K.L.:
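Could you have a look at this structure, given as structure tokens, before my questions?
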Amino acid sequence: MAKKPLNFIEQKIEADLASGKNNGRILTRFPPEPNGYLHIGHAKAICVSFGLASKYGGITNLRFDDTNPEKESVEYVDAIRRDVSWLGFEWKGGEYYTSDYFGQLYAFAQQLIAQGQAYIDDQSPEEMAAQKGAPGVSGTASPFRDRSIEENQRLFEEMKEGKHAEGTCVLRARIDMAHDNMLLRDPVIYRIKFIEHHRTGSEWVIYPMYDFAHGQSDSMEGITHSLCSLEFENHRPLYNWFIEALGIFPSEQTEFARLNLNYTIMSKRKLLRLVEENAVDGWDDPRMPTISGLRRRGYTPEAIREFAERVGVAKRNNTIDVGLLEWALRDDLNRRAPRAMAVLNPIKLIVLNVAEGEVEWLQTDNNPEDPEAGSRELPFGRELWMEAEDFRVDVNKKWFRLAPGRTVRLKSAYIVEYVNHKEDENGQVTEVHVNRVANSKSGEDTSGVKAKGTLHWVATSHAVEAEVRLYDRLFLSEDPEGGEDANFMNNLNPESLQVLSGCQLEPSLGEAPVGTVYQFTRLGYFTVDSKYSKPENLVFNRAVTLKDGWKG
RNA sequence: UCCCCGAUGGUGUAAUGGUAACACACCGGUUUUUGGUGCCGUUAUUCCAGGUUCGAGUCCUGGUCGGGGAACCA
């Protein structure tokens, strides 16, 4: 048995386990800021943090990193909880909020002040920026850097009590104004904001910055492996500095490359703009890369997890082909999705030698890939719907479908041969007339007639009408965020949504429940739209097409 | 200009000093009552230059290219 290769984080965890670090305890966390909806990039991070913990017998905390009340809300908290849990993960370590630690974080700040490692700076952001220096050029000290501990204690207390106006002063860590890493040049760790927090209300008017909250939160929870994306590499020295200065449990941060997908944007800010400017139908628009959008589109948690697995974990920047995501969905659904017949662009197919009014119920497999899936019955009769593109007048030898002189099999029914067809005044074919070949019934065919093509069909007498929405990629270019803060809004694919009405479905689809994804034979995978579908007005979304090997 | 990180087929990911492999994509064949699926096969890879070594994708030195880094954002 070949051992599956380990990624670099797994190797590190195994080394930690081998050395007895933390007594073999593994605790990770997933720490989203509740300021937007989770997307496929987060899905990878979720799979990594939850997946690794569970692989090594550990558990995971869900922590809402809510230190900036300006952009956060309970709507986002709820959506995040729903999405993580839909993906199939449980936060067995518990659910936490950084805001629950505001008291402790305040005490940590007091400790730093008492140790002479933090001070109140009364300067403007501009003044402070000017003193930062530049890469390669060391900064200069703030005139307030050497305030007495007592004065700092008094001022910090006053900040907390709301005695200072927003923007008039901040608390800074006292580290090194000449450090090579700009983040260690006395970073701001507390600022004043007279803003209601979605959880703490108006209890606090000072809020810790990310760098002063994250590591300590990890530490307080006893997180052993704090996994995050590459952009936080520069923050690790600060993360460690605070832990050391405070003398608290040393959680350890490890960074890995975040997911990038071509033809997709992943920035929450930009996704928010799509929503706000109504370029899409909300965060859960089926074209959005959000978890909720993918769910509404027909993606399964299994497919997303498999995708995350295939993408791997490493430190180099990457751009994954969206095709891999689609492959993961097809791979999952091919095995599991019940098959159904649906005609999206219907024209009539009349079987001349079948009596009018005659209805025959034919048996068909629910899923040829899965014998356990059983079978169902399809009504067959003289008048059927067929796909307009399955008939052509002028064809070559590579055409397997219906055409003058051609013979095809109707899936799970009979072989039929062309007789004639009708066109309207524009030359559009409206009806195709065929004859059924004797003794050609599916499963008991003794006719000896061979048909190259197999078509899907629906009996007009029992058909259920529906609207079907076809989706294509939201953006035209492979890299919509392209280099600069590009004009991704000008890069939208005008044909990303195509709405088809009057589609004709087999009767069983009339009761299709939300959440079940079907394979429409020969077309792709479709699911009931959870937002707009009504029993009297069915709406289906296409999740992904079938792979099309025909290069006619 | 300074600091940090990275570089392996088209795209990702492995190989932990010893035959460069796996997946997806592509192309071809085969099977098939879905032009789907399955099965078989082809194509194609170590950024550059030195060095260490019996042996380097891997270690060392230098370079090149790419990413990140200055917020009272996370």
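Each chain gets a letter, A, B and so on, in the order the sequences are listed, and its residues count up from 1. Everything numeric here is computed off the predicted structure, so don't read it as measured data.
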K.L.:
Please work out if A:Glu33 contacts a base, only the sugar-phosphate, or nothing of the nucleic acid, heavy-atom cut-off 4.0 Å.
P.N.:
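If one applies the 4.0 Å heavy-atom cut-off, A:Glu33 turns out to touch the sugar-phosphate alone, with no base involved.
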K.L.:
Please give, in whole Å, the distance from B:A14 P to A:Asn318 CG?
P.N.:
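Rounded to the whole Å, the gap is 11 Å.
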K.L.:
May I ask you to evaluate whether A:Thr521 reaches the phosphate of B:G36, defined as a side-chain N or O under 4.0 Å from OP1 or OP2?
P.N.:
no
K.L.:
Just compare B:U33, B:G35, B:A70 and give me whichever is closest to any side-chain atom of A:Ala134.
P.N.:
B:A70
K.L.:
Has the side chain of A:Arg401 got a donor or acceptor atom sitting under 3.5 Å from an opposite partner on the base of B:G35?
P.N.:
yes
K.L.:
So which protein nitrogen or oxygen atoms get under 3.5 Å of nucleotides 5-7 of chain B's nitrogens or oxygens?
P.N.:
{"unit_1": "B:C5", "atom_1": "O2'", "unit_2": "A:Glu233", "atom_2": "OE2", "d": "3.3"}

K.L.:
Record whether the side chain of A:His235 comes under 3.5 Å of the base of B:A74 through a donor-acceptor pair of N or O atoms.
P.N.:
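Side chain to base: pair found, below 3.5 Å.
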K.L.:
As a check on the pairing definition, encode RNA chain B in dot-bracket form, counting Watson-Crick and G-U wobble pairs whose two distances are under 3.5 Å, and using | for partners outside this strand.
P.N.:
.((((((..((((....[..))))..((((.......)))).....(((((..]....))))))))))).....
K.L.:
Can you tell which of B:G35, B:G69, B:C73 lies closest to the side chain of A:Trp399?
P.N.:
B:G35
K.L.:
Side chain of A:Pro135 only, please: which of B:U13, B:U33, B:A70 is the nearest?
P.N.:
B:A70
K.L.:
Under 6.0 Å between ring centres, would you say that holds for A:Phe232 and A:Tyr210?
P.N.:
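Yes - the distance between ring centres of A:Phe232 and A:Tyr210 falls below the 6.0 Å cut-off.
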K.L.:
Check the distance between B:U34's C1' and A:Arg335's CZ and give it to me in whole angstrom.
P.N.:
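One finds 18 Å between C1' of B:U34 and CZ of A:Arg335, rounded.
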K.L.:
Mind checking whether A:Phe102 and A:Trp204 have parallel, tilted or perpendicular rings, split at 30° and 60°?
P.N.:
perpendicular
K.L.:
Is the ring centre of A:Trp457 less than 6.0 Å from the ring centre of A:Phe380?
P.N.:
yes
K.L.:
Given the side-chain rings of A:Phe212 and A:Phe108, with only the six-membered ring counted for Trp, is the space between their centroids under 6.0 Å?
P.N.:
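That pair fails the under 6.0 Å test.
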K.L.:
Could you state the atom-to-atom distance from CD of A:Glu326 to P of B:G36 in whole Å?
P.N.:
17 Å
K.L.:
From CG of A:Leu324 over to P of B:C24, roughly how many Å is that when rounded to an integer?
P.N.:
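It is 9 Å, rounded to the nearest whole Å.
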K.L.:
Checking side-chain contact (heavy atoms from CB on, under 4.5 Å) against A:Phe64, which of A:His198, A:Glu95, A:Glu33, A:Arg199 comes through?
P.N.:
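It is A:Glu95; the other options fail the test.
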K.L.:
What nucleotide, of B:C73, B:C26, B:G35, holds the atom closest to the side chain of A:Phe400?
P.N.:
B:G35
K.L.:
Ring centroid separation for A:Phe520 and A:Tyr525, is it under 6.0 angstrom?
P.N.:
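No; A:Tyr525 has its ring centre 6.0 Å or more from that of A:Phe520.
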K.L.:
Side chain of A:Lys547: nearest nucleotide among B:G12, B:G36, B:C73?
P.N.:
B:G36
K.L.:
Could you verify whether a donor N or O on one side chain and an acceptor N or O on the other, from A:Asp479 and A:Ser477, lie under 3.5 Å apart?
P.N.:
no
K.L.:
Tell me what A:Gly133 touches on the nucleic acid: a base, only sugar-phosphate, or nothing, going by heavy atoms under 4.0 Å.
P.N.:
base
K.L.:
Can you name the one residue among A:Arg145, A:Arg174, A:Lys132 that meets salt bridge (Lys or Arg N to Asp or Glu O under 4.0 Å) with A:Asp186?
P.N.:
A:Arg145
K.L.:
Using distance alone, with no hydrogens and no angle criterion, decide if A:Ser375 and A:Asp365 have a side-chain donor and acceptor under 3.5 Å apart.
P.N.:
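Distance-only check fails for A:Ser375 and A:Asp365.
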K.L.:
How many whole angstroms separate atom CZ of A:Phe212 from atom P of B:A71?
P.N.:
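Taking atom P of B:A71 as the reference, CZ of A:Phe212 is at 17 Å.
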K.L.:
For the side chain of A:Asn68, counting heavy atoms from C-beta on, which of B:A14, B:G69, B:C73 is nearest?
P.N.:
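My answer, after comparing the listed nucleotides, is B:C73.
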K.L.:
For A:Glu231 and B:A74, what is the distance between atoms CD and P respectively, to the nearest whole Å?
P.N.:
13 Å
K.L.:
Do A:Glu481 and A:Ser267 pair up side chain to side chain, a donor and an acceptor below 3.5 Å, judged on atom types alone?
P.N.:
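No pair is found: no donor N or O on one side chain lies under 3.5 Å from an acceptor on the other.
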K.L.:
Of the options B:G36, B:U34, B:A71, whose atoms approach the side-chain atoms of A:Lys132 most closely?
P.N.:
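When the side chain of A:Lys132 is considered, B:A71 is the closest of B:G36, B:U34, B:A71.
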K.L.:
Rounded to whole Å, please give me the gap between CZ in A:Phe391 and P in B:G35.
P.N.:
18 Å
K.L.:
Might you list the N or O atoms of the protein lying below 3.5 Å from N or O atoms in nucleotides 56-65 of chain B, with each pair's distance?
P.N.:
none

K.L.:
Can you check whether A:Arg191 has a side-chain N or O nearer than 4.0 Å to OP1 or OP2 of B:C73?
P.N.:
yes
K.L.:
Counting side-chain heavy atoms from CB outward, which of B:A74, B:U33, B:C72 is closest to A:Ser442?
P.N.:
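Among the listed nucleotides, the one closest to the side chain of A:Ser442 is B:U33.
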K.L.:
Quick one: is A:Lys193 getting a side-chain N or O under 4.0 Å of the B:C73 phosphate, OP1 or OP2?
P.N.:
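Yes, such a contact exists.
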K.L.:
Looking at the side chain of A:Arg339, which of B:U34, B:G69, B:A71 is the nearest nucleotide?
P.N.:
B:U34
K.L.:
Just by distance, do the side chain of A:Ser19 and the backbone of A:Asp16 share a donor-acceptor pair under 3.5 Å?
P.N.:
yes
K.L.:
Given the structure, check if the side chain of A:Arg409 and the base of B:U33 hold any donor-acceptor pair shorter than 3.5 Å.
P.N.:
yes
K.L.:
What nucleotide among B:C72, B:U13, B:U34 has an atom nearest to a side-chain atom of A:Pro368?
P.N.:
B:U34
K.L.:
Hey, do the aromatic rings of A:Phe8 and A:Phe256 have their centres closer than 6.0 Å?
P.N.:
no
